There are 2 protein chains.
Amino acid sequence: MQKKAPKIDPSLVADFPLFNDMKKEDIGDILEKGVAKHYKKGDRFFDQFDEATHFFLMLDGYLEVSKTTEEGSQVIMRHFGVGELFGVAPAIAQKNYPATSRALVDCVAILWENKFWDLFLVEHPQFIKNAYSAIGQRLAQSQERIVEMSTEQVERRVAHAVMRLTHQCGVKTESGILIDFPVSRQDIAEMTGTTLHTVSRLFSAWSTKGLMQVGRQKIEVLEAHKLALLAQGH
Amino acid sequence: MQKKAPKIDPSLVADFPLFNDMKKEDIGDILEKGVAKHYKKGDRFFDQFDEATHFFLMLDGYLEVSKTTEEGSQVIMRHFGVGELFGVAPAIAQKNYPATSRALVDCVAILWENKFWDLFLVEHPQFIKNAYSAIGQRLAQSQERIVEMSTEQVERRVAHAVMRLTHQCGVKTESGILIDFPVSRQDIAEMTGTTLHTVSRLFSAWSTKGLMQVGRQKIEVLEAHKLALLAQGH
DNA sequence: CCATTTGTTTGATCTAACGCAAATAATCAG
DNA sequence: CTGATTATTTGCGTTAGATCAAACAAATGG
């Protein structure tokens, strides 16, 4: 399921925002303390309620973080891609992971044991600062999403979700922007608090308008500008 | 609008979770760097989009933090009471406040200039740790609320919101738990993504069931246990 | 005290979106 | 290649909750 990867070269990660304003040697020191692992598509990095023992940095691939309610509904909280820190429970004094994280494609990630957070706090404060900056952005995004859920109706929310996916996980093609991993209608529903049926209907409509091109677990946005207008409520 | 308050005695705040595991002298040093101010009911501590220049600690009173959308809808993000740190944009590298904070009753708060965050990081790391722990809980709560908005229908969400209010800002009376500041039906609607009409209908129903006693901007929960059951979906 | 403003209640529609159902299409496993 | 599984589409009836409307009640301010 997981095997060690060769040592990571600092220059491969130096341009991640997480390592902003840091010297190569500091980056190297941090990388040395972690362990790189491969994860196959579908593997879980950690499960909701697991004791939080590590924090992670994605080197290659995409993952989704989701929460499951007592009644069994799943809500996809967000996606992470290359260069992003995740599973940062130790950074905010949470004993357990609040959600499950799952590899959407084959991935490579570095994991550090919790104790290194406190060490880096002393030895590499810039790293910690960069990390908290990212965490702050996530808090802000969470709150934006609460506003969205409170005030916008389904079509706008779905448009927003697709836009976010294109920004975070999109690759340019000749015709538009393609989401780089399989996304089902159900997934989109779980990102927006609606049903797969409603998503399917919206996608059909947008598809006939030429706004996007959809397939089985495939989304390609053709006219991002028009989608943005929808997200803004036009 | 605001005037300086007398110097704060460390022993008054030592039992705030924010000062856990800290020596009196460290607490005193931190308090000295801040300025205590009075705020009248309705005063704003800061406005959405303002440049974030200070962070705050509530010494007495309650405040609400709310966001306004481009279309003019308001969403109440959360409430803060005595002992809670708020306006922590500097802690998470946010240049501007993402929301507006408003005093719900006459308040006393300490404010520190941004620069002291970095100073405390070095001189009082335990304070910073405690603060990030609180911020982490808020991130977790935000995400819980997203799940709630995605999966629960209005009655449960409103029940949750009222429960949260009783926990955060409730005072015991002979008959039950009273929310300690004026809350309108509209306020509850803005906390749950619904309309004041729906909240009014729910409150009427719950009131006749003897679950709560309501008045103009007044909520008193009589049977917290039954409300909790509603919040859990029964 | 009266006039005005602000908050609340409740009834009567209306509709966005859900839930159900059934058909179709793509993928997978043997 | 074939049957089973999983994802998607689309139609149709239902409903939770919004919207509209009007009356009422409490607070406020001159």
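This is a predicted model, so every value here is computed, not measured. Order of the sequence lines sets the chain letters (A, B, ...), proteins ahead of strands, with each chain counted from 1.
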Could Glu71(A) and Arg156(B) be called an ion pair, given the rule that one side-chain N must be under 4.0 Å from one carboxylate O?
yes

Checklist line | Ser175(B) versus Gln213(B), side-chain donor and acceptor atoms under 3.5 Å | finding: no

(Q) I want to check something: taking the side chain as every heavy atom from C-beta on, are Phe203(B) and Val158(B) in contact at a cut-off of under 4.5 Å? (A) yes

Rounded to whole Å, CG of Leu202(A) lies from C1' of dT8(D) at a distance of 14 Å

Taken to the nearest whole Å, NE2/His197(B) to P/dA23(D) is 16 Å

Exercise. Which word best sums up how the rings of Phe181(A) and Tyr62(A) line up, parallel for under 30°, tilted for 30 to 60°, or perpendicular for over 60°?
Worked result: tilted

Against the side chain of Ser200(A), the closest entry in dC18(C), dT9(C), dT10(D) is dT10(D)

Determine yes or no for a side-chain-to-main-chain donor-acceptor pair under 3.5 angstrom, with Ser184(A) supplying the side chain and Gln217(A) the backbone.
no

note: Glu152(A), atom CD; dA18(D), atom P; distance rounded to Å ~ 16 Å

Per the under-4.0 Å heavy-atom filter, residues of residues 153-160 of chain B near DNA chain D come out as Gln153(B), Val154(B)

Atom CG of Asp187(B) and atom P of dT6(C) are separated, to the nearest Å, by 15 Å

Next on the checklist: What's Ser204(A) touching, base or sugar-phosphate or nothing? Going by heavy atoms closer than 4.0 Å.
Outcome noted: sugar-phosphate

Next on the checklist: Could you check whether any side-chain N or O of Arg157(A) sits under 3.5 Å from a backbone N or O of Thr192(A), counting only pairs where one atom can act as donor and the other as acceptor?
Outcome noted: yes

Between CZ of Arg185(A) and P of dC18(C) the distance, given in whole Å, is 16 Å

Check: Parallel, tilted or perpendicular: which fits the ring planes of Phe86(B) and Phe56(B), with parallel below 30° and perpendicular above 60°?
Finding: parallel

For dG17(D), take OP1 and OP2 only and decide whether either is under 4.0 Å from a side-chain N or O of Thr198(B).
no

Separation of dT8(C) atom P from Leu196(B) atom CG, nearest Å, is 8 Å

Would a 4.5 Å heavy-atom cut-off, applied to side chains only, mark Leu230(B) and Trp206(B) as touching? yes

The contact string for nucleotides 24-30 of chain C, one letter per nucleotide 5' to 3', using protein heavy atoms under 4.0 Å with B, S and - for base, sugar-phosphate only and none, comes out as -BBS---

note: Ile219(A), atom CD1; dA7(D), atom P; distance rounded to Å ~ 14 Å

Between Arg201(B) and Gln186(B), the residue closer to the 5' end of DNA chain C by nearest nucleotide is Gln186(B)

Review point. Can you tell if the side chain of Gln168(A) reaches within under 4.5 Å of the side chain of Arg78(A), non-hydrogen atoms only?
Key: yes

